[in-house]
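Dropping the structure in here first, questions after.
Keep in mind it's a predicted model, so treat the numbers as computed, not measured. All values below come from the heavy atoms of this structure, side chains included, with hydrogens, waters and symmetry mates left out.
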Amino acid sequence: MRRHARRGEAGRKVIPPSERGADVGRRIGVGLMYGLWRPRVLGAWKVPPTGPVIFAVNHSHNIDGPMVMGVSPRPVHFLIKKEAFIGPLDPFLTGIGQLKVDRHSADRTAITQALDVLSNGGVLGIFPEGTRGEGDFASLRAGLAYFAVRAGAPVVPVAVLGSSEKRGRLIKGLPPLRHRVDVVYGDPFEAGDGSGRRTRKALDEATERIQKQLTAHLENARRLTGR
């Protein structure tokens, strides 16, 4: 699909994220994730094979995003905090189709790019808790609801379990080599009420609906995996 630059913050042209780059990122992720750890993927068949989709991923460790990128049946464009885009990581992350976002402001450039991903029929990855924590979906930000309602894209819950269970001996900040990490995909669902409304009340209701779905999925994923 042909991509066109759109106007973002302060009227600047916003270049849509690279679809080919996200596919390259997925291939890199496959090699790294399966080479270093032992991912077990459940429910990948539930991901719609085409069309816009939003992955709502819990977040308890830094490898959660790369793990989902590597095991996903489709290339993923993640919204990633701008603090991660430092040094050589900046051009690398941008090159593989990832989106830099300022979590402390209404980042219009990131919003435009994220909507471009969905309008082009791609997969947008979001950590709805906003930052790394317990990974239990206990506190959600409204961004996920906004994108889901605005784009009319189904949300697929994704639970990553086991990434923060143990520390490796060689690198303390990473799980042990060959450690099993479970990635469990849930059933797609619509966040909105079908009316297309984007009022504050509608977004609050969508956020509440999303939280219930994600919490239920996480509980089910823990039962399935025994974690």
Side-chain angles (χ1 to χ4, degrees), residues 1-26 47-57 59 65 68-69 72-85 90 93-131 140-158 188-211 213-214:
M1 184 175 293
R2 191 174 182 182
R3 300 179 302 146
H4 299 279
R6 295 170 61 180
R7 295 289 175 179
E9 201 167 3
R12 294 178 297 178
K13 286 186 177 180
V14 177
I15 305 299
S18 170
E19 297 169 28
R20 181 176 298 178
D23 187 52
V24 171
R26 177 175 175 270
V47 178
T50 59
V53 176
I54 298 175
F55 283 173
V57 186
H59 195 22
V68 173
M69 287 177 61
S72 171
R74 296 176 59 184
V76 186
H77 302 266
F78 266 102
L79 280 167
I80 301 174
K81 62 182 181 181
K82 69 175 185 178
E83 290 82 0
F85 288 72
D90 190 343
L93 290 173
T94 300
I96 61 171
Q98 305 311 295
L99 313 180
K100 181 192 303 187
V101 61
D102 185 346
R103 298 174 298 166
H104 306 294
S105 67
D107 191 334
R108 294 189 179 183
T109 297
I111 291 171
T112 300
Q113 288 184 316
L115 291 173
D116 278 338
V117 167
L118 297 173
S119 66
N120 287 331
V123 180
L124 178 66
I126 295 180
F127 299 112
E129 296 160 291
T131 187
L140 301 191
R141 294 191 174 189
L144 172 55
Y146 172 80
F147 289 119
V149 173
R150 170 79 181 268
V155 177
V156 172
V158 185
F189 66 91
E190 299 294 332
D193 59 6
S195 68
R197 294 180 301 118
R198 299 200 297 266
T199 62
R200 173 60 64 87
K201 181 180 179 181
L203 292 179
D204 287 345
E205 290 173 351
T207 299
E208 184 177 349
R209 195 174 297 115
I210 290 169
Q211 186 160 31
Q213 293 275 4
L214 299 188

Item to check | Test side chain to side chain contact (heavy atoms under 4.5 Å, CB included) applied to D204 - qualifying residues, sequence neighbours left out | outcome: R200

Next on the checklist: Quick check: do F147 and I111 have side-chain heavy atoms less than 4.5 Å from each other?
Outcome noted: yes

Item to check | Backbone of E190 reached by a side-chain donor or acceptor of R209 within 3.5 Å | outcome: no

Next on the checklist: Any non-hydrogen side-chain atom of K100 less than 4.5 Å from a side-chain atom of Q113?
Outcome noted: no

Checklist entry - By side chain to side chain contact (heavy atoms under 4.5 Å, CB included), which residues pair with R198, not counting sequence neighbours? => result V149, R150

Item to check | Nearest heavy-atom neighbours spanning L124 and V76 | outcome: C-CG1, 4.4 Å

Next on the checklist: Please give me the minimum heavy-atom distance between S18 and G21, naming the atom from each residue.
Outcome noted: OG-N, 2.7 Å

Checklist entry - Which atom names give the shortest non-hydrogen contact between I96 and M69, and what distance separates them? => result CD1-CE, 3.9 Å

Checklist entry - Looking at residues at least two apart in the chain, or sitting in another chain, which of them share a salt bridge (Lys or Arg N to Asp or Glu O under 4.0 Å) with E208? => result K212

Checklist outcome for this item: Residues F189 and P157: closest non-hydrogen pair is CE2-CG, 3.8 Å

Next on the checklist: Going by side chain to side chain contact (heavy atoms under 4.5 Å, CB included), name the residues that satisfy it together with A153, two or more places apart in sequence or in a different chain.
Outcome noted: P52, I54, L118, A151

Checklist entry - Which heavy-atom pair separates H77 from P17 by the least distance, and what is that distance? => result ND1-CB, 3.6 Å

Next on the checklist: If I compare all heavy atoms of V123 with all of P75, which pair ends up nearest, and what's the gap?
Outcome noted: CB-O, 3.4 Å

Next on the checklist: Within this structure, what is the CG-CG distance for the pair D107 and L99, rounded to the nearest 0.5 Å?
Outcome noted: 10.0 Å

Checklist entry - What residues, two or more places apart in sequence or in another chain, satisfy side-chain hydrogen bond (donor to acceptor under 3.5 Å, both in side chains) together with D193? => result S195, R197

Checklist entry - Taking only residues two or more places apart in sequence or in another chain, which ones pass ring pair (Phe, Tyr, Trp, His ring centres under 6.0 Å) with F55? => result Y185

Checklist outcome for this item: Rounding to 0.5 Å, atoms CG (L93) and CD1 (I80) come to a distance of 5.0 Å

Checklist entry - Given D102, which of K82, K81, R108 fulfils the salt bridge (Lys or Arg N to Asp or Glu O under 4.0 Å) condition? => result K82

Checklist entry - Is any side-chain heavy atom of V155 less than 4.5 Å from a side-chain heavy atom of Q213? => result no

Next on the checklist: For G192, is there any backbone N or O sitting under 3.5 Å from a side-chain donor or acceptor partner on E205?
Outcome noted: no

